[in-house]
Protein chains: 2
Amino acid sequence: MKLGRLNHIGVATPSIEDSIAHYREVMGATKIHTPFDLEAQGVKVCFVDTPAHSTGSGSSDSGGTQIELIEPLGPDSPLTNFLEKNPLGGQHHVCFEVPDIEDARKEFEELGKRILGPTRIGAHGTPIFFVHPKDMQGMLTEIMETPKEGTHWSN
Amino acid sequence: MKLGRLNHIGVATPSIEDSIAHYREVMGATKIHTPFDLEAQGVKVCFVDTPAHSTGSGSSDSGGTQIELIEPLGPDSPLTNFLEKNPLGGQHHVCFEVPDIEDARKEFEELGKRILGPTRIGAHGTPIFFVHPKDMQGMLTEIMETPKEGTHWSN
(Lines give C-alpha, C1' and ligand atoms only; values in the text may rest on other atoms or scores of the structure.)
Protein backbone atom coordinates (compact mmCIF):
# COMPACT_ATOMS: atom_id res chain seq x y z
CA MET A 1 0.00 0.00 0.00
CA LYS A 2 0.91 3.64 -0.17
CA LEU A 3 0.86 5.67 3.01
CA GLY A 4 -2.33 7.70 3.15
CA ARG A 5 -3.40 10.72 5.10
CA LEU A 6 -3.25 10.57 8.90
CA ASN A 7 -6.99 11.06 9.25
CA HIS A 8 -7.07 11.25 13.04
CA ILE A 9 -5.44 10.31 16.28
CA GLY A 10 -7.75 8.51 18.69
CA VAL A 11 -7.59 9.95 22.21
CA ALA A 12 -9.29 8.12 25.07
CA THR A 13 -10.95 10.23 27.74
CA PRO A 14 -13.04 9.47 30.82
CA SER A 15 -15.24 12.45 29.90
CA ILE A 16 -15.79 13.93 26.46
CA GLU A 17 -17.47 16.87 28.16
CA ASP A 18 -14.31 17.67 30.14
CA SER A 19 -12.14 17.11 27.07
CA ILE A 20 -14.21 19.51 24.98
CA ALA A 21 -13.68 22.15 27.67
CA HIS A 22 -9.93 21.41 27.62
CA TYR A 23 -9.63 21.67 23.84
CA ARG A 24 -11.73 24.82 23.73
CA GLU A 25 -10.35 26.67 26.76
CA VAL A 26 -6.74 25.49 27.00
CA MET A 27 -5.87 24.56 23.42
CA GLY A 28 -8.06 27.10 21.67
CA ALA A 29 -9.90 24.75 19.32
CA THR A 30 -12.65 26.52 17.38
CA LYS A 31 -14.13 23.63 15.41
CA ILE A 32 -15.46 20.91 17.69
CA HIS A 33 -18.07 18.58 16.20
CA THR A 34 -21.19 17.28 17.93
CA PRO A 35 -20.51 14.14 20.00
CA PHE A 36 -22.35 10.96 19.02
CA ASP A 37 -22.59 7.33 20.13
CA LEU A 38 -20.86 4.69 18.02
CA GLU A 39 -22.58 1.75 19.64
CA ALA A 40 -20.98 -0.91 17.45
CA GLN A 41 -17.60 0.09 18.94
CA GLY A 42 -18.88 0.75 22.45
CA VAL A 43 -17.72 4.36 22.43
CA LYS A 44 -19.00 7.91 22.40
CA VAL A 45 -17.09 9.96 19.81
CA CYS A 46 -16.29 13.63 19.32
CA PHE A 47 -14.06 15.02 16.58
CA VAL A 48 -11.94 18.12 17.13
CA ASP A 49 -10.54 19.72 13.96
CA THR A 50 -7.01 21.05 13.68
CA PRO A 51 -5.86 23.40 10.91
CA ALA A 52 -4.12 21.98 7.84
CA HIS A 53 -1.67 24.86 7.83
CA SER A 54 -0.45 27.31 10.40
CA THR A 55 -3.16 29.68 11.48
CA GLY A 56 -2.90 33.08 9.90
CA SER A 57 -4.81 35.31 7.55
CA GLY A 58 -6.89 33.35 5.12
CA SER A 59 -6.23 29.98 6.72
CA SER A 60 -8.87 27.54 7.89
CA ASP A 61 -9.29 25.99 11.33
CA SER A 62 -10.03 22.60 9.74
CA GLY A 63 -8.52 20.22 7.23
CA GLY A 64 -5.67 18.84 9.32
CA THR A 65 -5.47 15.56 11.21
CA GLN A 66 -8.43 15.40 13.57
CA ILE A 67 -8.43 14.50 17.23
CA GLU A 68 -11.01 11.78 17.83
CA LEU A 69 -12.06 11.92 21.47
CA ILE A 70 -13.47 8.57 22.58
CA GLU A 71 -15.25 7.83 25.85
CA PRO A 72 -16.50 4.39 26.94
CA LEU A 73 -20.20 3.62 26.44
CA GLY A 74 -20.74 1.48 29.53
CA PRO A 75 -18.48 -0.96 31.41
CA ASP A 76 -18.12 -3.44 28.52
CA SER A 77 -16.47 -0.88 26.26
CA PRO A 78 -13.10 -1.86 24.76
CA LEU A 79 -11.86 1.40 26.29
CA THR A 80 -12.56 0.37 29.88
CA ASN A 81 -9.29 -1.51 30.22
CA PHE A 82 -7.29 1.35 28.67
CA LEU A 83 -8.77 3.87 31.10
CA GLU A 84 -8.10 1.61 34.08
CA LYS A 85 -4.42 1.75 33.13
CA ASN A 86 -4.59 5.44 32.11
CA PRO A 87 -7.24 7.13 34.27
CA LEU A 88 -6.65 10.57 32.73
CA GLY A 89 -6.99 9.19 29.21
CA GLY A 90 -4.34 9.45 26.52
CA GLN A 91 -3.29 8.45 23.05
CA HIS A 92 -5.21 5.32 22.08
CA HIS A 93 -4.78 4.74 18.32
CA VAL A 94 -3.78 6.28 15.01
CA CYS A 95 -5.87 6.16 11.83
CA PHE A 96 -4.57 6.26 8.27
CA GLU A 97 -6.68 6.57 5.13
CA VAL A 98 -6.56 4.15 2.19
CA PRO A 99 -8.38 4.41 -1.14
CA ASP A 100 -9.79 0.85 -0.97
CA ILE A 101 -10.39 -0.97 2.31
CA GLU A 102 -10.53 -4.49 0.88
CA ASP A 103 -7.24 -4.08 -0.98
CA ALA A 104 -5.64 -2.79 2.22
CA ARG A 105 -7.05 -5.66 4.29
CA LYS A 106 -5.67 -8.18 1.82
CA GLU A 107 -2.23 -6.56 1.94
CA PHE A 108 -2.09 -6.57 5.75
CA GLU A 109 -3.24 -10.21 5.78
CA GLU A 110 -0.57 -11.18 3.26
CA LEU A 111 2.04 -9.50 5.47
CA GLY A 112 0.84 -11.64 8.39
CA LYS A 113 -0.46 -8.69 10.39
CA ARG A 114 -3.17 -9.56 12.89
CA ILE A 115 -6.41 -7.75 11.99
CA LEU A 116 -8.81 -7.28 14.89
CA GLY A 117 -12.28 -8.39 13.85
CA PRO A 118 -14.24 -7.79 10.68
CA THR A 119 -14.19 -4.71 8.49
CA ARG A 120 -16.95 -2.46 9.79
CA ILE A 121 -18.29 1.08 9.49
CA GLY A 122 -16.27 3.60 11.48
CA ALA A 123 -16.92 7.01 12.96
CA HIS A 124 -16.62 8.74 9.58
CA GLY A 125 -19.19 6.42 8.00
CA THR A 126 -16.69 4.55 5.83
CA PRO A 127 -15.32 0.99 6.25
CA ILE A 128 -12.48 0.53 8.73
CA PHE A 129 -10.49 -2.20 10.45
CA PHE A 130 -7.94 -2.24 13.25
CA VAL A 131 -4.50 -3.90 13.21
CA HIS A 132 -2.94 -5.33 16.38
CA PRO A 133 -0.46 -2.97 18.09
CA LYS A 134 2.02 -5.82 18.55
CA ASP A 135 2.35 -6.05 14.77
CA MET A 136 2.45 -2.26 14.31
CA GLN A 137 5.39 -1.05 16.40
CA GLY A 138 3.27 -0.80 19.53
CA MET A 139 0.53 1.35 17.99
CA LEU A 140 -3.08 0.25 17.66
CA THR A 141 -3.66 1.22 14.02
CA GLU A 142 -6.96 1.92 12.34
CA ILE A 143 -7.14 1.71 8.56
CA MET A 144 -10.01 3.70 7.09
CA GLU A 145 -11.36 4.06 3.58
CA THR A 146 -11.24 7.71 2.49
CA PRO A 147 -14.71 9.24 2.33
CA LYS A 148 -15.76 9.50 -1.33
CA GLU A 149 -16.66 13.17 -1.10
CA GLY A 150 -13.13 14.07 -0.09
CA THR A 151 -11.07 14.06 3.04
CA HIS A 152 -13.07 16.50 5.09
CA TRP A 153 -16.10 15.49 7.02
CA SER A 154 -18.44 17.20 9.35
CA ASN A 155 -21.59 16.40 11.27
CA MET B 1 -4.13 30.53 22.38
CA LYS B 2 -5.63 29.31 19.16
CA LEU B 3 -5.21 25.66 18.24
CA GLY B 4 -2.42 25.34 15.69
CA ARG B 5 -1.45 22.67 13.26
CA LEU B 6 -0.72 19.17 14.58
CA ASN B 7 2.89 19.28 13.42
CA HIS B 8 3.77 15.70 14.37
CA ILE B 9 3.07 12.77 16.59
CA GLY B 10 6.10 11.50 18.47
CA VAL B 11 6.50 7.74 18.24
CA ALA B 12 9.07 5.99 20.42
CA THR B 13 10.93 3.05 18.92
CA PRO B 14 13.75 0.80 20.10
CA SER B 15 15.20 0.98 16.56
CA ILE B 16 14.71 3.75 14.01
CA GLU B 17 16.25 1.43 11.43
CA ASP B 18 13.52 -1.17 12.01
CA SER B 19 10.84 1.51 12.07
CA ILE B 20 11.98 2.96 8.75
CA ALA B 21 11.66 -0.51 7.24
CA HIS B 22 8.16 -0.81 8.74
CA TYR B 23 6.99 2.56 7.43
CA ARG B 24 8.48 1.91 4.00
CA GLU B 25 7.54 -1.74 3.52
CA VAL B 26 4.31 -2.14 5.49
CA MET B 27 2.82 1.36 5.46
CA GLY B 28 4.14 2.46 2.08
CA ALA B 29 5.76 5.73 3.15
CA THR B 30 7.69 7.34 0.30
CA LYS B 31 9.12 10.42 2.04
CA ILE B 32 11.34 9.44 4.95
CA HIS B 33 13.90 12.01 6.08
CA THR B 34 17.50 11.36 7.10
CA PRO B 35 17.80 10.40 10.81
CA PHE B 36 19.85 12.69 13.04
CA ASP B 37 20.90 12.94 16.68
CA LEU B 38 19.17 15.51 18.88
CA GLU B 39 21.66 15.30 21.71
CA ALA B 40 20.04 17.98 23.87
CA GLN B 41 16.97 15.74 24.15
CA GLY B 42 18.87 12.44 24.33
CA VAL B 43 17.19 11.05 21.22
CA LYS B 44 17.85 10.07 17.65
CA VAL B 45 15.11 11.47 15.39
CA CYS B 46 13.66 10.54 12.01
CA PHE B 47 10.67 12.25 10.39
CA VAL B 48 8.27 10.35 8.15
CA ASP B 49 5.97 12.51 6.02
CA THR B 50 2.30 11.77 5.49
CA PRO B 51 0.20 13.36 2.74
CA ALA B 52 -1.93 16.40 3.53
CA HIS B 53 -4.73 15.04 1.37
CA SER B 54 -5.75 11.62 0.19
CA THR B 55 -3.28 10.21 -2.25
CA GLY B 56 -4.42 10.48 -5.83
CA SER B 57 -3.51 12.22 -9.02
CA GLY B 58 -1.76 15.49 -8.42
CA SER B 59 -1.44 15.03 -4.67
CA SER B 60 1.76 15.20 -2.66
CA ASP B 61 3.18 12.61 -0.29
CA SER B 62 4.09 15.37 2.18
CA GLY B 63 2.47 18.26 3.98
CA GLY B 64 0.39 16.37 6.52
CA THR B 65 1.13 15.69 10.17
CA GLN B 66 4.53 14.03 10.37
CA ILE B 67 5.49 10.94 12.33
CA GLU B 68 8.53 11.72 14.45
CA LEU B 69 10.34 8.47 15.19
CA ILE B 70 12.47 8.80 18.32
CA GLU B 71 15.03 6.32 19.61
CA PRO B 72 17.02 6.67 22.84
CA LEU B 73 20.58 7.99 22.58
CA GLY B 74 22.13 5.95 25.38
CA PRO B 75 20.75 4.68 28.71
CA ASP B 76 20.16 8.14 30.21
CA SER B 77 17.66 9.10 27.52
CA PRO B 78 14.26 10.28 28.73
CA LEU B 79 12.88 7.56 26.44
CA THR B 80 14.51 4.70 28.33
CA ASN B 81 11.74 4.49 30.90
CA PHE B 82 9.03 4.64 28.23
CA LEU B 83 10.60 1.77 26.31
CA GLU B 84 10.97 -0.32 29.44
CA LYS B 85 7.21 -0.08 29.85
CA ASN B 86 6.55 -0.36 26.09
CA PRO B 87 9.31 -2.52 24.60
CA LEU B 88 7.86 -2.36 21.08
CA GLY B 89 7.62 1.42 21.23
CA GLY B 90 4.43 3.40 20.73
CA GLN B 91 2.81 6.81 20.86
CA HIS B 92 4.93 9.07 23.03
CA HIS B 93 3.77 12.67 22.51
CA VAL B 94 1.83 15.07 20.30
CA CYS B 95 3.15 18.38 18.97
CA PHE B 96 1.08 21.45 18.10
CA GLU B 97 2.37 24.59 16.39
CA VAL B 98 1.97 28.10 17.76
CA PRO B 99 2.95 31.40 16.10
CA ASP B 100 4.91 32.66 19.14
CA ILE B 101 6.50 30.34 21.68
CA GLU B 102 6.87 32.90 24.49
CA ASP B 103 3.23 33.97 24.25
CA ALA B 104 2.20 30.31 24.40
CA ARG B 105 4.45 29.59 27.37
CA LYS B 106 2.97 32.51 29.26
CA GLU B 107 -0.56 31.31 28.57
CA PHE B 108 0.16 27.77 29.76
CA GLU B 109 1.85 29.16 32.88
CA GLU B 110 -1.14 31.39 33.62
CA LEU B 111 -3.41 28.36 33.31
CA GLY B 112 -1.27 26.58 35.92
CA LYS B 113 -0.03 23.93 33.49
CA ARG B 114 3.28 22.34 34.47
CA ILE B 115 5.91 23.07 31.81
CA LEU B 116 8.79 20.61 31.71
CA GLY B 117 12.07 22.50 31.64
CA PRO B 118 13.14 25.54 29.69
CA THR B 119 12.12 26.52 26.18
CA ARG B 120 14.71 24.99 23.88
CA ILE B 121 15.37 24.26 20.20
CA GLY B 122 13.49 21.24 18.93
CA ALA B 123 13.90 18.79 16.08
CA HIS B 124 12.60 21.27 13.51
CA GLY B 125 15.07 23.95 14.60
CA THR B 126 12.46 26.19 16.24
CA PRO B 127 11.82 26.80 19.96
CA ILE B 128 9.70 24.22 21.78
CA PHE B 129 8.60 23.24 25.26
CA PHE B 130 6.77 20.27 26.73
CA VAL B 131 3.73 20.32 29.02
CA HIS B 132 3.16 17.64 31.65
CA PRO B 133 0.79 14.86 30.54
CA LYS B 134 -1.06 15.00 33.88
CA ASP B 135 -2.16 18.54 33.00
CA MET B 136 -2.97 17.65 29.38
CA GLN B 137 -5.52 14.84 29.56
CA GLY B 138 -2.82 12.18 29.81
CA MET B 139 -0.87 13.30 26.73
CA LEU B 140 2.69 14.57 26.86
CA THR B 141 2.28 17.69 24.71
CA GLU B 142 4.98 19.55 22.82
CA ILE B 143 4.34 23.14 21.83
CA MET B 144 6.46 24.28 18.90
CA GLU B 145 6.91 27.62 17.20
CA THR B 146 5.99 27.37 13.52
CA PRO B 147 9.05 27.58 11.27
CA LYS B 148 9.18 31.03 9.72
CA GLU B 149 9.53 29.72 6.17
CA GLY B 150 6.20 27.95 6.43
CA THR B 151 4.91 24.75 7.89
CA HIS B 152 6.86 22.30 5.81
CA TRP B 153 10.36 21.32 6.63
CA SER B 154 12.88 18.91 5.19
CA ASN B 155 16.46 17.91 5.74
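Just so it is clear: chains get the letters A, B, ... in the order the sequence lines come, proteins before strands, and each one is counted from 1. Quick caveat: nothing in here was measured; it's all calculated off a predicted structure.
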If I measure from the heavy atoms of chain A, does [X] come under 4.5 Å with its side chain, its backbone, both, or neither?
X	value
B:K113	side chain
B:T13	side chain
B:V11	side chain

Atom [atom1] of [X] and atom [atom2] of [Y]: how far apart are they, to the nearest 0.5 Å?
X	Y	atom1	atom2	value
A:E25	B:L111	CD	CG	9.0 Å
A:M136	B:H22	CE	NE2	4.0 Å
A:L6	B:Q66	CG	CD	11.5 Å
B:I67	A:Q137	CD1	CD	10.0 Å
A:I143	B:M27	CD1	CE	4.5 Å
B:D61	A:L3	CG	CG	8.0 Å

Does A:E17 CD have over 12 foreign heavy atoms under 6.0 Å away? no
Transitively linked via ILVMFWY side-chain contacts under 4.5 Å: [X] with [Y]?
X	Y	answer
A:F47	A:L38	yes
B:F130	B:M1	no
A:I70	A:F36	yes
B:L88	B:I9	no
A:F108	A:I128	no

Which one wins on heavy-atom pair count under 4.5 Å against chain A: B:V26, B:V98, B:V48? B:V26
At a heavy-atom distance under 4.5 Å, which candidate from B:P87, B:A12, B:G90 has the highest pair count against chain A? B:G90
Looking only at heavy atoms, which two atoms of A:V94 and B:Q91 are closest? And how far apart? CG1-OE1, 3.6 Å
Return the minimal non-hydrogen interatomic distance between B:R5 and A:A52, and the atom names on each side. NE-O, 3.0 Å
